Amino acid sequence: MSIGYACLTLGVPFTDMKKCLIKNADEVRLNQLIAANLCALERMVDYNLRNGIKLFRISSDIIPFASSPVNSIRWSEDYAFQLAEIGRKIRTGGMRVSMHPGQYTVLNSPNAQTVENAIRELDYHALFLDSLGLDASHKIILHLGGAYGDKSLAIKRFTERYQALDDRVKARLVIENDDKIYNIQEVLETGLDNRIPVVFDNLHHQANHGGDGGGEQNWIAECAKTWGRDDGRQKIHYSQSNPRKKVGAHSLSIDIDAFLHFYENLALPKPDIMLEVKDKNISAIKCVLCTAEKGEMGALEREWGRYKYLVLEHSQAIYNQIRILLKDKSAYPAVAFYRLVEEAMRIHIPVGGAVNAATHVWGYFKDCASQRQKADFLKYIDGYAKGIVPLFSLKHKLLSLALEHKQTYLLESYYFVKLYSDALTTVDRD
DNA sequence: TGACGTCAAGATCCG
DNA sequence: CGGATCTTGACGTCA
């Protein structure tokens, strides 16, 4: 059983996917982007393996405009060496990857051009995974598509077009219930009829119920039957909703107690679990460490190193509690640790806490920073305390310093993860 | 015709 | 000029 995350790796430098506008997509630009994105992918794979993350979704943006005529680069040949090397790391590390074409890849459309585009897009995804040298257990996930006023006809069109796909695509394709149109019952029927493995998505299921087939654990058990010998372990998608946003929106982070409740109810053998959550790899590590059969204290201490300034700015008291919790090196209090982290994150940042944390982080630079940088920092922290400078501007200054002075420990700190700062200022209530 | 979802690029503003 | 902030793009379906 593996737990993983989708597409983006937060808090790890130089893992961003680069893209461009279609009007700027000439051969030179596209080659730059492909080369940069493959480097980024390799960094993500390295990071995942360092952190025990064995499941990962590769962004469809990895090769920009791959299925469009604007991109005529023979990337699978020109970058064969890099692709093979990344694939070798994935295989030898025991990692499983997947890809998920977006909501605009619609195989069952009545529009012939849309279908042709969808087929090209699926061919691209299969070629990418083939170029990594990975077997058919590394999947491509797709939704059934639109309803067009007649679901059974639309499913029939999906089936016909599925059957006509290239064998290399068919070997990898799996289908998933969506939150609006096709519920798990309909997807499961389609999967059984066509021998296509089915991915159960719990949040889509909440939004779009199917039939009376019992609870989500029953559906997961039914979906298990669609996974054949060459398909690898069953996969599911797990996410929690963000109560501050409209229904169906993914949560900022995974609530560990709710996750463990779900996890413990899973029948054996447990499926691979792809988390769909805003804080991506950060929640993936949380769930990996909290379900580890024999946890290593070192891994927990590395996590604490990444969380500490973030926790400190929210609550000095919880910061102190975690330090005490982690003193006993013979224990492995992963769940207790994450409960405290979550509790800290629910506390609104006090000005004093933010100043305190920023001052701690500044401590890394006080010997190496120039006079100008020092004056700059003092100006920012003073401005923040007076309410003139926003907190994220102060943090941005510190992040620039960390980059310039190559403080790799700080660069991996969750203190700088923009998502957590944004969440404090963004209110999107429905 | 706009909302949907997503992220970074691109555009623009500001000091 | 560099940094901060706002807008656009790329896709297809559906109300």
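Note on naming: letters A, B, ... go to the chains in the order of the sequence lines (proteins, then strands), and numbering restarts at 1 for each one. Keep in mind the model is a prediction, meaning the values are calculated, not measured.
Between A:F158 and A:Y162, the ring planes lie parallel to each other; the angle is under 30°, not in the 30° to 60° tilted range.
Scanning residues 21-39 of chain A for heavy-atom distances under 4.0 Å to DNA chain C yields A:L21, A:I22.
The side chain of A:L8 sits closest to B:dC7 out of C:dA10, B:dG10, B:dC7.
Between A:Y104 and C:dT13 there is no side-chain N or O to OP1 or OP2 distance below 4.0 Å. Taking only side-chain nitrogens and oxygens, A:H396 comes nearer than 4.0 Å to OP1 or OP2 of C:dA4.
The interatomic distance linking A:Q103 (CD) with C:dT13 (C1') rounds to 9 Å, in whole Å. Rounded to whole Å, atom P of C:dA10 lies 14 Å from atom CG of A:N71. When the P atom of C:dC14 is taken as reference, atom CG of A:L144 falls 13 Å away, rounded to whole Å. Regarding A:R120, its CZ atom lies at a distance of 13 Å from the P atom of C:dG12, rounded to whole Å.
Within 4.0 Å of A:S109, counting heavy atoms only, lie sugar-phosphate atoms of the nucleic acid but no base atom. In this structure, A:G146 reaches the sugar-phosphate backbone alone: every heavy-atom distance under 4.0 Å involves primed, P, OP1 or OP2 atoms, never a base.
Under 3.5 Å, the side chain of A:K180 and the base of C:dC14 form no donor-acceptor pair of N or O atoms.
Both A:P390 and A:N117 lie close to DNA chain C; mapped to their nearest nucleotides by heavy-atom distance, the more 5′-ward contact belongs to A:P390.
Annotation: A:H205 is in aromatic contact with A:F200 [ring centroid separation under 6.0 Å].
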